[in-house]
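Model, not experiment: these values are computed from the prediction. FYI, the numbering just counts along the sequence from 1. Reckoned from all heavy atoms, side chains included, excluding hydrogens, waters and symmetry mates.
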Amino acid sequence: MGERMSGADLNIKLFADGADLDGILEMYADPKIRGFTTNPTLMKKAGISDYEGFSRDLLSQISDRPVSLEVFADDLPEMERQARKIATWAPNVNVKIPVTTTAGESTAPIISALSADGVVLNVTAIMTHAQVRAVAAVLSPDTPAIVSVFAGRVADTGVDPVPHMTECLNILADLPMAELLWASPRELLNVFQANDCGCHIITATNDILKKLSLVGKDLDRYSRETVQMFRTDAVAAGYSIS
């Protein structure tokens, strides 16, 4: 079995996904982490009640790497208003726009308007090739953008995410300012799959990113450590068989 490249050899940009400020700043101390993403669900889980206050605090501490912050309105005019407001908070903001509303209405019209005006977007919650095509058709070729395809959720449906993401790259080939992001990874292997198929970015939670330290670990040693864990926990629990 061939050796896996080290985390330092990856071509893909590593972004950290989360809403715990301490955890974000822990990742910020690592120069391998090239950017940050969050969303309203992660913020809610982290107990954040002041969306703008948290966002501005985060941006005051991270000014030299991209930070994706999402609108949470559910109609196109209010989405666009929120997007333009968020874009003023810092020059390193990527404004996250869901690819549809909850009713399934395409957000392509406001993606087009915002991108044409130079707002750097992160179009999110994308699953299908048709959605990628619709986004690619309206992004300005002169404005940077991230196209976030939820490869992990695609894989949850039984679809192989690697050829799926390869086709997404093909769709975006004529937009050199657009970067494909592999979202919702489930395991460290996804980082290497995303890297190998040519994705520009992967965003992952801290617990997945920390597993980069395991890359290249001797599997015999890892096996013994696992057995030791089972043994230690069994003894600590006082288990016996009469």
Side-chain angles (χ1 to χ4, degrees), residues 7-8 10 12-74 77-99 107 110-111 113-125 139-140 142-148 150 177-185 191 199-213:
L10 292 167
I12 197 168
K13 297 178 187 176
L14 301 176
F15 281 22
D17 192 35
D20 172 68
L21 186 58
D22 289 340
I24 292 171
L25 295 177
E26 179 186 358
M27 288 293 108
Y28 181 52
D30 184 346
K32 293 192 299 295
I33 305 305
R34 306 277 297 279
F36 301 87
T37 58
T38 188
N39 61 55
T41 296
L42 291 172
M43 289 185 177
K44 179 176 180 293
K45 288 181 178 178
I48 294 163
S49 57
D50 182 352
Y51 189 92
E52 181 171 349
F54 169 82
S55 299
R56 287 184 177 276
D57 186 19
L58 175 60
L59 292 166
S60 73
Q61 299 189 65
I62 299 178
S63 60
D64 60 344
R65 299 178 215 177
V67 177
S68 289
L69 296 167
E70 188 166 343
V71 303
F72 47 83
D74 195 38
E78 180 61 11
M79 277 186 172
E80 183 174 357
R81 187 196 72 81
Q82 289 183 1
R84 293 185 184 279
K85 180 72 178 295
I86 291 169
T88 68
W89 290 348
N92 59 318
V93 169
N94 283 64
V95 182
K96 292 180 79 172
I97 302 285
V99 71
T107 57
I110 64 169
I111 292 170
L114 291 164
S115 185
D117 286 347
V119 177
V120 180
L121 299 176
N122 178 339
V123 186
T124 191
L139 284 174
S140 168
D142 301 319
T143 303
I146 294 173
V147 178
S148 291
F150 279 51
M177 301 289 279
E179 295 183 290
L180 181 65
L181 182 149
W182 180 305
S184 67
V191 174
C199 288
H200 305 96
I201 306 168
I202 186 167
T203 190
T205 56
N206 291 12
D207 59 334
I208 290 177
L209 292 171
K210 288 177 180 178
K211 289 181 181 180
L212 284 168
S213 64

Below 30° counts as parallel, above 60° as perpendicular, anything between as tilted: where do the rings of F72 and Y51 land?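 Geometry flag for Y51 against F72: perpendicular rings.
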
Evaluate K32 against M27 for side-chain contact (heavy atoms from CB on, under 4.5 Å), listing each step before the verdict. CA-CA 9 Å; K32 293 192 299 295; M27 288 293 108; over 6 Å; no

Which pair of heavy atoms, one from [X] and one from [Y], lies closest together, and at what distance?
X: E78; Y: A73; result: CG-CB, 3.3 Å
X: A19; Y: A46; result: O-CB, 3.8 Å
X: P185; Y: A204; result: CG-CB, 3.7 Å
X: Y28; Y: S63; result: OH-N, 4.5 Å
X: C199; Y: I12; result: O-CG1, 3.4 Å
X: V71; Y: M79; result: CG1-O, 3.7 Å

Rounded at 0.5 Å granularity, tell me how far [atom1] in [X] sits from [atom2] in [Y].
X: I146; Y: K96; atom1: CD1; atom2: NZ; result: 9.0 Å
X: T38; Y: I48; atom1: OG1; atom2: CD1; result: 6.5 Å
X: L14; Y: D30; atom1: CG; atom2: CG; result: 8.5 Å
X: D117; Y: R84; atom1: CG; atom2: CZ; result: 4.5 Å
X: L69; Y: Q82; atom1: CG; atom2: CD; result: 12.0 Å
X: L114; Y: I110; atom1: CG; atom2: CD1; result: 6.0 Å

Taking the side chain as every heavy atom from C-beta outward, state whether [X] and [Y] have any pair of such atoms under 4.5 Å apart.
X: P98; Y: E70; result: yes
X: V93; Y: V67; result: no
X: F36; Y: L58; result: no
X: M177; Y: T143; result: no
X: I86; Y: S55; result: no
X: D50; Y: R56; result: no
X: L21; Y: Q61; result: yes
X: D64; Y: N92; result: no

Taking S148 as the fixed residue, which of N122, T203, T37 is the one that meets the side-chain hydrogen bond (donor to acceptor under 3.5 Å, both in side chains) rule?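 Between S148 and the candidates, side-chain hydrogen bond (donor to acceptor under 3.5 Å, both in side chains) is satisfied uniquely by N122.
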
Evaluate side-chain contact (heavy atoms from CB on, under 4.5 Å) for N94 paired with F15, printing each intermediate quantity in order. CA-CA 13 Å; N94 283 64; F15 281 22; over 6 Å; no

Can you confirm whether R34 is buried at CZ, in the sense that more than 12 heavy atoms of other residues, nucleotides or ligands lie under 6.0 Å from that atom?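 It does not: R34 CZ has 12 such atoms or fewer within range.
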
Taking atom types as modelled, is there a side-chain donor on T205 or D207 under 3.5 Å from an acceptor on the other?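 Present: a donor and an acceptor within the cut-off.
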
